[in-house]
Amino acid sequence: MKYLLLFFVFLIALGNAFAQINKGVWMVGGNGTFLSSKIKFENSTYAASSDRVSVSVSAPIGYFFVDKFAVGLKPAYDKFKEESTGGGYSNENRYGLGPFARYYILNKDNQFNIVTDLGYQYGLYRFKPRRGHINTFFAGAGLTGFFNTSVGIEILAGYYFRKEVVKESYTTTQNGFQMSIGFQFYLEK
């Protein structure tokens, strides 16, 4: 973690410009997210817990309706690997799409800014022969550093909650800590 932070500071030091987080700017980016969580499984006759590790890739697309405030859509792909207390193992894929909102706290002319991020995603669960749906909520904050007026790198950390309902089978809830790193591109009209 220490090296990641030093790398982040070094990259930002190479640039000396500020962001385009003004009204009318489009934001397009890509994030990689690492999640670690505890999960509870429940159905009418069985309950268990497990530890899950997940890697997620998302590509948010947003628009600044006012200075420093953007809303948009975030499609995502998740890869799960999980081991349960009963010795079970799974390796599954998830797809999701949902709205997000973010607000940059500091002055828009800063090379660094603190960003808050709030989002929801609805997803599909497909693991033959089971099907279901997923609801995910995320709230976090982090640091954004701008290389120039069009490109920034960000590190976000926060809390997430996810509920999966597999039809006629079980319900899974999970919550935990989430950390992501990614690039954002700010495009003027």
Side-chain angles (χ1 to χ4, degrees), residues 1-2 4-5 8 27-63 69-103 114-144 153-184:
M1 182 68 162
K2 178 174 75 172
L4 182 63
L5 183 58
F8 180 79
M27 180 185 80
V28 179
N31 293 334
T33 303
F34 172 79
L35 297 91
S36 176
S37 62
K38 297 265 187 205
I39 303 169
K40 276 176 39 179
F41 297 95
E42 291 181 28
N43 69 16
S44 59
T45 61
Y46 177 74
S49 65
S50 69
D51 294 320
R52 178 178 282 182
V53 173
S54 171
V55 176
S56 175
V57 188
S58 63
I61 301 168
Y63 183 76
F69 180 73
V71 296
L73 288 175
K74 185 186 292 188
Y77 167 75
D78 297 317
K79 179 73 168 177
F80 289 92
K81 291 191 177 192
E82 176 177 18
E83 288 187 50
S84 68
T85 53
Y89 177 79
S90 65
N91 186 356
E92 304 169 15
N93 300 309
R94 310 279 198 284
Y95 305 92
L97 178 68
F100 73 90
R102 56 175 37 206
Y103 181 74
I114 297 171
V115 61
T116 59
D117 191 57
L118 185 65
Y120 166 81
Q121 286 187 329
Y122 179 81
L124 299 176
Y125 175 93
R126 299 290 183 261
F127 188 67
K128 293 181 182 178
R130 296 176 281 179
R131 294 174 176 257
H133 66 272
I134 306 162
N135 291 292
T136 305
F137 170 78
F138 170 76
L143 182 64
T144 299
I153 186 171
E154 64 185 26
I155 296 177
L156 299 174
Y159 173 81
Y160 78 98
F161 174 81
R162 176 179 297 210
K163 182 176 181 179
E164 298 180 7
V165 177
V166 179
K167 295 180 182 176
E168 301 172 6
S169 187
Y170 61 86
T171 298
T172 303
T173 59
Q174 56 182 300
N175 56 12
F177 175 76
Q178 175 174 303
M179 185 169 185
S180 67
I181 186 168
F183 287 96
Q184 300 299 330

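Scope of the values below: all heavy atoms of this structure, side chains included, with no hydrogens, waters or symmetry mates.
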**Message:** So, using salt bridge (charged side-chain N to carboxylate O under 4.0 Å, His left out) as the criterion, who are the partners of Asp78 when residues are at least two apart?
**Reply:** Arg162

**Request:** List the atom of Gln184, the atom of Gly30, and the distance in Å for their closest heavy-atom pair.
**Result:** NE2-N, 4.4 Å

**Request:** Working to the nearest 0.5 Å, report the span between NE2 of His133 and CD of Glu164.
**Result:** 10.0 Å

**Item:** Residue pair Phe100 / Ile61: nearest heavy atoms and the distance that separates them
**Value:** CE2-O, 3.6 Å

**Message:** Could you check, using the six-membered ring where one of them is a Trp, whether Tyr120 and Phe137 have ring centers closer than 6.0 angstrom?
**Reply:** no

**Item:** Among Val57, Ile155, Thr33, side-chain contact (heavy atoms from CB on, under 4.5 Å) partner for Ser180
**Value:** Thr33

**Request:** Identify the heavy atoms of Gln121 and Pro75 that sit nearest to each other, and give their distance.
**Result:** NE2-C, 4.1 Å

**Prompt:** Taking all non-hydrogen atoms of both residues, which atom of Leu118 and which atom of Ala139 are closest, and how far apart?
**Reply:** CD1-CB, 3.8 Å

**Complete:** CD1 (Ile181) and CD1 (Ile153) are apart, to the nearest 0.5 Å, by 4.5 Å

**Request:** Over all heavy atoms of both residues, which pair between Pro60 and Asn31 is shortest? Give the atoms and the distance, please.
**Result:** CG-ND2, 4.2 Å

**Item:** Set of side chain to side chain contact (heavy atoms under 4.5 Å, CB included) partners for Phe138, sequence neighbours left out
**Value:** Asp117, Tyr160, Gln178

**Thr144 side, atom OG1; Arg102 side, atom CZ - distance, nearest 0.5 Å** = 6.0 Å

**Request:** Please tell me if the side chains of Leu156 and Val115 come closer than 4.5 Å, counting only heavy atoms from C-beta onward.
**Result:** yes

**Request:** For the residue pair Asn135 and Tyr122, establish whether any side-chain heavy-atom pair is separated by less than 4.5 Å.
**Result:** yes

**Asked** What is the minimum heavy-atom distance between Ala101 and Val71, and which atoms define it?
**Response** CB-CG1, 3.9 Å

**Asked** Relative to each other, are the rings of Tyr103 and Phe69 parallel, tilted or perpendicular (30° and 60° limits)?
**Response** tilted

**Request:** Supply the atom-to-atom distance Tyr159 OH to Asn175 CG, rounded to the nearest 0.5 angstrom.
**Result:** 3.5 Å

